[in-house]
2 protein chains.
Amino acid sequence: MHDKMNHELNPRISADCVIFGFDLNKLNVLLIERETVVGLDTYRALPGDLIFEDEPLDTAANRVLNELTGLEDIYLEQVGAFGDPDRLSKPQDRAWLKAVRQDPDARVVTIGYYSLVGMNNYVPQPASFARAATWIPIEEIGELAFDHRQILEGALKKLKEKLNVQPIGFNLLPEKFTLSQLHRLYEAILGVELDKRNFRRKMLKMDILESLEERQEGVPHKPSQFYKFNEQKYHDLLKTGFDNFAF
Amino acid sequence: MHDKMNHELNPRISADCVIFGFDLNKLNVLLIERETVVGLDTYRALPGDLIFEDEPLDTAANRVLNELTGLEDIYLEQVGAFGDPDRLSKPQDRAWLKAVRQDPDARVVTIGYYSLVGMNNYVPQPASFARAATWIPIEEIGELAFDHRQILEGALKKLKEKLNVQPIGFNLLPEKFTLSQLHRLYEAILGVELDKRNFRRKMLKMDILESLEERQEGVPHKPSQFYKFNEQKYHDLLKTGFDNFAF
DNA sequence: TCGCAAAGTGTATTTTTGACACAAAGGTCC
DNA sequence: GGACCTTTGTGTCAAAAATACACTTTGCGA
């Protein structure tokens, strides 16, 4: 819209990111702790901040995420807009806003995003106003700042829906993984038990996994086979028409 | 956030509505024509406008929709936020904004919504800056104002997804309808052909329709049976756990 | 070597899907 | 009133998919 770049903050619009991670056991979410305002407890929060005036929304989400946690180049999927006029009105949040925002009373509409990352190859690097950035198991997440709890619920709902339509779970796993890990991942996300044999049969029938020579080592039980996701086969499958990814 | 009401416009955030209607034959969308700016053709547009400063997003969407088309008390589902910095930069749009907006250069992020209404019991009543409000068959919709085309595509995608998860189609039909009408509706939304017998079998097996005594009259062929949607049975079904609504 | 823990595997039954064609009803037109 | 047109409404069979279910294998540790 403007010819010159305008990297001022847009005081009315922010982006918040729900980053899911999987530690091969439980589903986690990346949360930050804000710099403490003296004399007040502070909630954990989703990484998020105001966008720039001339910045596309998803670019902003990525930038903000990077500034607060060090995560880079993540594919973010939009959850939606959250715009309750009272969404910033909890006392702790008001205090924090007064401390850091130019216009702490402004109404801000936020755009929620979510993504999946492998917890292994990423160590949170808090910066900016994030005093800490930590993976928290999803069942242990209590109250969050602002309406972040609501954004989280929305993201989780979208994630579940998506998982029944696209085999996105691989983004949460290391490149090599076992079928049991994938199985646990599906159970963690969907929040239900899935029969082991039926899960394996269906997953393998999709023919988007490649079994590797390698097997687990040093485990005190039968070592399991490693697999990797075959993106090529997946795309071919989509082209030839396939839709039955649900469990 | 504020104690006193603040019905000023928020110059940065708008709401746009994609209203789907079904004329028992084709899927339509409710579009408005803006007041013409002298000397310029103008595109059709989705009903939409800036929100108020203290207004929840969905309230705003409903208000705006009502002001432009007369539609009232519609359940609107969010499509998402659309915030490309260049989304208002087409020349026709710029001219129109200059004519009507206080701050025509402001960057505006819009929140898209969609809904389904019965075309029968509603006649568009254009008002405000809408010179006309008209149902347009979805295949005949050409270029739209701003990024409204993109919002429309997004809404249609959500609608399809939703239809495979919830039998929402009934909202588009009169209270009494025939299975053929419902069949055509599904085909219109999903954009595919569905086998008549298989469609009927599956739909009836859900046991959420009630067949009425009444049949069609005055049609030059075998008259068809009327049905109505049984909301009670539908909710019971959800409680006992059912998920196979897809076609 | 015994025990433990998780991996890995097959079958039988039921349910769902998909493909497919013809008779029934009512109006229209001559 | 009979021929014809249009849309409704119906059943079966075969293939595919879902579900339920239990025991053997492997490797480590004690």
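Below, all heavy atoms of this structure are taken into account, side chains as well, without hydrogens, waters or symmetry copies. In the text below, chain A, chain B and the rest are named by the order of the sequence lines, each starting its count at 1.
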Between D:dA20, C:dC20, C:dA25, which one does the side chain of A:Arg201 approach most closely?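 Selected nucleotide: D:dA20.
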Taking the side chain of A:Asp195 as heavy atoms from C-beta outward, which of C:dA6, D:dA17, D:dC21 is closest to it?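 Nucleotide nearest to A:Asp195's side chain: D:dC21.
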Ranking B:Gly218 and B:Asn244 by the position along DNA chain C of their nearest nucleotide, the one closer to 5' is B:Asn244
Angle between ring planes, B:His183 versus B:Phe199, binned at 30° and 60°: parallel, tilted or perpendicular? parallel
Between [N] ([atom2]) and [X] ([atom1]): distance, integer Å:
{"X": "A:Asn25", "N": "C:dA6", "atom1": "CG", "atom2": "P", "answer": "11 Å"}
{"X": "A:Leu204", "N": "C:dG10", "atom1": "CG", "atom2": "P", "answer": "12 Å"}
{"X": "A:Phe247", "N": "D:dT19", "atom1": "CZ", "atom2": "P", "answer": "11 Å"}
{"X": "B:Gln216", "N": "D:dT6", "atom1": "CD", "atom2": "C1'", "answer": "12 Å"}
{"X": "B:Lys222", "N": "D:dT8", "atom1": "NZ", "atom2": "P", "answer": "10 Å"}
{"X": "B:Glu217", "N": "C:dG27", "atom1": "CD", "atom2": "P", "answer": "9 Å"}
{"X": "B:Phe177", "N": "D:dT8", "atom1": "CZ", "atom2": "C1'", "answer": "16 Å"}

5′-ward residue of the pair B:Pro220/B:Phe226 relative to DNA chain D: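 The answer here is B:Pro220.
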Any donor-acceptor pair under 3.5 Å between the side chain of B:Arg197 and the base of C:dA21?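 Looking at the base of C:dA21, it does pair with a donor or acceptor on the side chain of B:Arg197 (distance under 3.5 Å).
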Would the base of D:dT26 count as contacting A:Arg215 through its side chain, where contact means a donor and an acceptor less than 3.5 Å apart?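 Check fails, no donor-acceptor contact within cut-off.
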Using a 4.0 Å heavy-atom cut-off across all strands, classify B:Gln225 as base, sugar-phosphate, or nothing.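 It contacts sugar-phosphate atoms only.
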Using a cut-off of 6.0 Å, state whether more than 12 heavy atoms not belonging to A:Lys157 lie near its atom NZ. no
Tell me if the CD atom of B:Glu153 is crowded by more than 12 foreign heavy atoms within 6.0 Å. yes
With a cut-off of less than 4.0 Å, is there a side-chain N or O of [X] near OP1 or OP2 of [N]?
{"X": "B:Ser180", "N": "D:dT8", "answer": "yes"}
{"X": "A:Lys196", "N": "C:dG8", "answer": "no"}
{"X": "A:Asn198", "N": "C:dG10", "answer": "no"}
{"X": "A:Lys202", "N": "D:dA18", "answer": "yes"}

Just verifying a value: how many Å separate B:Ile208 CD1 and B:Gln232 CD, rounded to the nearest 0.5 Å?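 Taking CD1 in B:Ile208 and CD in B:Gln232, the distance rounds to 13.0 Å.
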Let me know which of B:Leu156, B:Ile111, B:Leu46 forms a side-chain contact (heavy atoms from CB on, under 4.5 Å) with B:Ile151. B:Leu46
